[in-house]
Chemist: 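Sharing a structure here in structure tokens format.
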2 protein chains.
Amino acid sequence: MTDKKLSTDSYKGVRDFYPEDMAIQRYIFQTWAKAAESFGFERYDASILEPSDLYKAKGAENEEMVNEQTYTFIDRGDREVTLRPEMTPTVARMVAGARHDLTFPLRWYSIPNLFRYERPQRGRLREHWQLNCDLYGADDVTADIEIVALAHQTLIDFGATADLFEVLINNRQEMAALYAAIGITDPEIVATITRLTDRKKKISAEEYRSGLIEILSDESLADNVIKIIEDGSGTNQLLEGLQSLGITNARIDRTIARGFDYYTGMIFELVDLHPDNNRSMLGGGRYDNLTSMFSGDAISGVGFGMGDVTMRDFLETHHLIPEYIRTTAPHVMVIPMEAEQNLYAEQVAMHIRKAGHKVAADIGTKKIGKKIGSASEKSCKFVVVIGEQEVQSGILTMKNLFTSEERTGSLGELMNFLDVE
Amino acid sequence: MTDKKLSTDSYKGVRDFYPEDMAIQRYIFQTWAKAAESFGFERYDASILEPSDLYKAKGAENEEMVNEQTYTFIDRGDREVTLRPEMTPTVARMVAGARHDLTFPLRWYSIPNLFRYERPQRGRLREHWQLNCDLYGADDVTADIEIVALAHQTLIDFGATADLFEVLINNRQEMAALYAAIGITDPEIVATITRLTDRKKKISAEEYRSGLIEILSDESLADNVIKIIEDGSGTNQLLEGLQSLGITNARIDRTIARGFDYYTGMIFELVDLHPDNNRSMLGGGRYDNLTSMFSGDAISGVGFGMGDVTMRDFLETHHLIPEYIRTTAPHVMVIPMEAEQNLYAEQVAMHIRKAGHKVAADIGTKKIGKKIGSASEKSCKFVVVIGEQEVQSGILTMKNLFTSEERTGSLGELMNFLDVE
């Protein structure tokens, strides 16, 4: 036993959720879940512990990522374990494992916590949560349209209006065709251009152009690429489909590249238009053969991921977090004047609770005035003060702290005072 | 890139939650949350990553536990990190860290996942979830009564009746007084007897008696201890308080010891009375100075923890999982006959969704009969089949798969057919 006192800080780069933060987190998760379920998506989950091989299977680049950017350790049974850094490999594992029992098209969503070993910075913590929605086994463009519509709906369900954000879409196959039309067909060169273009909004026009010239060794070809990239005038089946579903804040943006190499068709992002928070909030796209690392037939999919930190930043920037969700205190506080009335107060609380209310008894040792003050500070709506007289007579007084209205009567008589919200 | 195919198994000792299991898990969590909130408990959470010192602080025994029974590793910044094996040290850290901003008595609950490195066996996985409820800063017996009443209520809220389970209560201080009355006062001997008594239900009467004789080196003293332990006839303030709250399935059981040394007063368990599942489902008690490892004043508390695996075993044993929660499929399935009608089907789905229904469009490539079969298998209640004619006329047919009733009309006309549940 040591006398050294410990720090009360959490581990570096992760968050404690005190009730006021937890209330916001739950509001975000519940709204996400509601949006996904309204589209018929079913919820799944898995452990954060996964065999490290799951992340290394995709090749050397992934092996480096696992070694440098994830929490990976050897367990006592000599197994290499990783705290999941993303949900896609897990869901691929689960879909491949149960493929013969599953009905496609399959709509699945999850709200996992994900871990990355990286320097903590705004919006990039070591642990964060993410809404993951995926639609498997439907290759039609309608599936792409639906996924973008669902991403769009998650923001609408938080009360966002279409003028606050924008849906930017692109398509890897269309890009390949555009490049081919100006004579660029080597997939390696296309991939290198794509990686540079992904950073276009973060670098100067000059830097972007000289980067292209370096890749292509041809100034006029570089300028042709710039013409393709800067031409947002196009339309496509996806955009038309979205419009037919009433989504009007979508447009083609040829700079959208998405970091992940596994996207093969449509890719998209949702971008906050507020000048204080002008960044991508969500990204996704279509990928082929999700389950290539397992045996069995290829399964294609389209999906997106949306982080809790960027979601909360968006909601706070636009004042979209409703006040009512911040109250975590009980609706009714029963306040005994002295410890002798504590048990009676618990009995009164139990009675009120059975009618469906959230109720607590303040069985602390503070004076009555302080107890009422606490109830008021915590935004409890009703208080019932219990003294010796109340215990003897069974006649109680209930006060609405919001309106200062009071009622006196038996507990039974007071119950309908509570119901008038 | 390797061609070796990966296994689709999860990591050893943890669970995948496919939609049907996830639905049950969510039902358990939601019922837990509702019970805790009805008692005015506020929800908090924290990361599963904690500094290992948090678990080692309580002395050498804990250090051994951390080294042998937890997931502990060194991060790349040379910090020793542990995946939390229990929630109490985390909540102690959070309460101590914010003590000056918190109002006591404080009622907090959480539903964390916890990790233990142990051989997987029934009900003892490497990862499980737990409802943790704690009431801090109220020393009165009423707080103990309330915590037991809340634990009791969680089962009632699942539809359990009082004849299915039993509340067994004991008290460390009362035990000390009973031992003192027969001349046993050495706290070390009391602790040794307590540890033996904790195992009493798992060993034979003879084994228990000879264990006592070994500890006490006195046969008649051992028999006096047995008299104390086997006397369940007593009552106390806690039991009377529970009865006044309508809880009639509680009794004193002097064998209840609880493993954790940190309990100092009341201790209790809820036990399933079903012969197939006759075991403890939940345990808790009162502890002093929760926050001793941090600086600042002592904070006492009373609380309990309840695991998801034992909870699900209880619910399954007593057939308490309602059928309706198992349906994770959408309420309405819109079924295009050919890919040409996919987008129209999505438009119809979007319209129905805006009225608050869970709805999906089956945009797969299966034949119409198979699509209807799938919707039926998944327990979708309504289907709308969309062919070329429907797209052109806007006149749709909606079928209730449960009753075989059908309605034909415009989408607007069909909406109230959906509402009649």
Side-chain angles (χ1 to χ4, degrees), chain A residues 1 5-6 8 10-11 14 16-19 22 37-40 42-47 49-51 53 57 59 73 76 81 93-94 96-98 103-105 107 117 127 137-138 140 142-143 145-146 241 244-245 293-295 328 330 339 342-343 346-347 350 353 358-360 363-364 374, chain B residues 1 5-6 8 10-11 14 16-19 22 37-40 42-47 49-51 53 57 59 73 76 81 93-94 96-98 103-105 107 117 127 137-138 140 142-143 145-146 241 244-245 293-295 328 330 339 342-343 346-347 350 353 358-360 363-364 374:
Chain A
M1 181 78 72
K5 295 298 180 184
L6 285 179
T8 57
S10 67
Y11 172 69
V14 303
D16 285 332
F17 290 92
Y18 282 87
M22 189 65 186
E37 287 170 19
S38 78
F39 278 69
E42 299 177 82
R43 188 153 173 179
Y44 68 95
D45 201 3
S47 175
L49 297 176
E50 286 283 4
D53 280 346
F73 58 94
R76 293 188 187 91
V81 195
R93 183 177 64 65
M94 289 175 65
T103 311
F104 296 90
R107 290 174 171 89
Y117 192 82
E127 179 185 27
D140 193 80
T142 321
I145 294 166
E146 181 184 321
S244 82
L245 294 178
M293 55 191 139
F294 310 100
S295 30
T328 56
N342 279 356
L343 185 59
E346 290 280 359
Q347 292 164 11
M350 192 64 112
R353 185 174 297 134
K358 296 178 183 179
V359 49
I363 55 175
S374 283
Chain B
M1 183 77 69
K5 295 298 180 183
L6 285 177
T8 57
S10 66
Y11 173 69
V14 303
D16 285 332
F17 290 92
Y18 281 87
M22 189 65 186
E37 287 170 20
S38 78
F39 278 69
E42 299 176 82
R43 188 154 175 178
Y44 68 95
D45 200 2
S47 176
L49 297 175
E50 286 283 5
D53 281 346
F73 57 93
R76 295 191 183 87
V81 195
R93 183 176 64 65
M94 288 175 67
T103 311
F104 295 90
R107 289 174 172 90
Y117 192 82
E127 178 184 27
D140 193 79
T142 321
I145 295 166
E146 181 182 322
S244 83
L245 294 179
M293 55 191 141
F294 310 100
S295 31
T328 56
N342 279 355
L343 184 60
E346 290 281 358
Q347 291 164 12
M350 192 65 113
R353 187 173 295 133
K358 296 178 184 177
V359 48
I363 54 174
S374 283

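Computed from a predicted model, the values in this text were never measured in an experiment. Per chain, numbering begins at 1; letters A, B, ... match sequence-line order.
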Chemist: With only heavy atoms counted, which part of B/Met350 is less than 4.5 Å from chain A, the side chain, the backbone, both or neither?
Modeler: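 Side chain only.
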
Chemist: I need the B/Phe294 CZ to B/Met94 CE distance, nearest 0.5 Å.
Modeler: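 One finds 11.0 Å between CZ of B/Phe294 and CE of B/Met94.
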
Chemist: Would you say B/Arg93 and A/Ser10 make side-chain contact, with heavy atoms under 4.5 Å?
Modeler: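 Of all side-chain heavy-atom pairs linking A/Ser10 with B/Arg93, at least one is under 4.5 Å.
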
Chemist: Do you know the tightest heavy-atom contact between B/Pro105 and B/Ala138?
Modeler: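 Smallest heavy-atom distance, with atoms named: CB-CB, 4.1 Å.
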
Chemist: Please list, chain by chain and in numerical order, all residues satisfying ring pair (Phe, Tyr, Trp, His ring centres under 6.0 Å) with A/Tyr44, sequence neighbours excluded.
Modeler: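 Ring pair (Phe, Tyr, Trp, His ring centres under 6.0 Å) check on A/Tyr44 returns A/Trp108.
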
Chemist: Against chain B, label A/Ile145 side chain, backbone, both or neither, depending on which of its atoms sit under 4.5 Å from a heavy atom there.
Modeler: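 Answer is side chain: those atoms of A/Ile145 sit under 4.5 Å from chain B.
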
Chemist: What are the two closest heavy atoms between A/Val81 and A/Leu49, and how far apart are they?
Modeler: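 Answer, listing the atom of A/Val81 first, then A/Leu49: CG1-CD2, 3.8 Å.
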
Chemist: Considering only heavy atoms, which portion of A/Asp45 lies under 4.5 Å from any heavy atom of chain B: side chain, backbone, both, or neither?
Modeler: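 Contact with chain B: backbone and side chain both.
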
Chemist: For chain A, which candidate among B/Ser374, B/Ala96, B/Gly137, B/Ala98 shows the most heavy-atom pairs at distances under 4.5 Å?
Modeler: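 Looking at each of B/Ser374, B/Ala96, B/Gly137, B/Ala98 in turn, B/Ala98 comes out on top.
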
Chemist: Return the option, out of A/Val359, A/Val14, A/Thr103, with the maximum number of heavy-atom pairs under 4.5 Å with chain B.
Modeler: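 Result: the option with the highest number of such pairs is A/Val359.
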
Chemist: Which atoms of B/Gln347 are under 4.5 Å from chain A, going by heavy atoms: the side chain, the backbone, both sets, or neither?
Modeler: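 Contact with chain A involves both backbone and side-chain atoms of B/Gln347.
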
Chemist: Just verifying a value: how many Å separate A/Glu42 CD and A/Glu37 CD, rounded to the nearest 0.5 Å?
Modeler: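 CD of A/Glu37 is found 9.5 Å from CD of A/Glu42.
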
Chemist: Chain A: which of B/Ala143, B/Ser244, B/Gly241, B/Ala46 shares the most heavy-atom pairs with it under 4.5 Å?
Modeler: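 Among the listed options, the one with the most contacts to chain A is B/Ser244.
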
Chemist: If we count only N and O atoms by modelled type, under 3.5 Å, do the side chains of B/Ser47 and A/Glu127 hold a donor and an acceptor together?
Modeler: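 There is such a pair between these side chains.
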
Chemist: Looking only at heavy atoms and a cut-off of under 4.5 Å, which of A/Gly364, A/Gly40, A/Pro51, A/Pro19 has the most pairs with chain B?
Modeler: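 Highest number of pairs under 4.5 Å: A/Pro19.
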
Chemist: Is it the side chain or the backbone of B/Asn342 that comes within 4.5 Å of chain A heavy atoms, both, or neither?
Modeler: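 Both parts, heavy atoms under 4.5 Å.
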
Chemist: Given heavy-atom pairs under 4.5 angstrom as the criterion, report whether the side chain, backbone, both or neither of B/Ile363 touches chain A.
Modeler: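 B/Ile363 touches chain A through backbone and side-chain heavy atoms alike.
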
Chemist: Sequence neighbours excluded, which residues qualify as side chain to side chain contact (heavy atoms under 4.5 Å, CB included) partners of B/Ala360?
Modeler: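 B/Ala360 satisfies side chain to side chain contact (heavy atoms under 4.5 Å, CB included) with A/Arg107, B/Pro330, B/Met333 only.
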
Chemist: Below 4.5 Å from any heavy atom of chain A, which atoms of B/Phe104 appear? Answer side chain, backbone, both or neither.
Modeler: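 Looking at B/Phe104, just its backbone touches chain A.
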
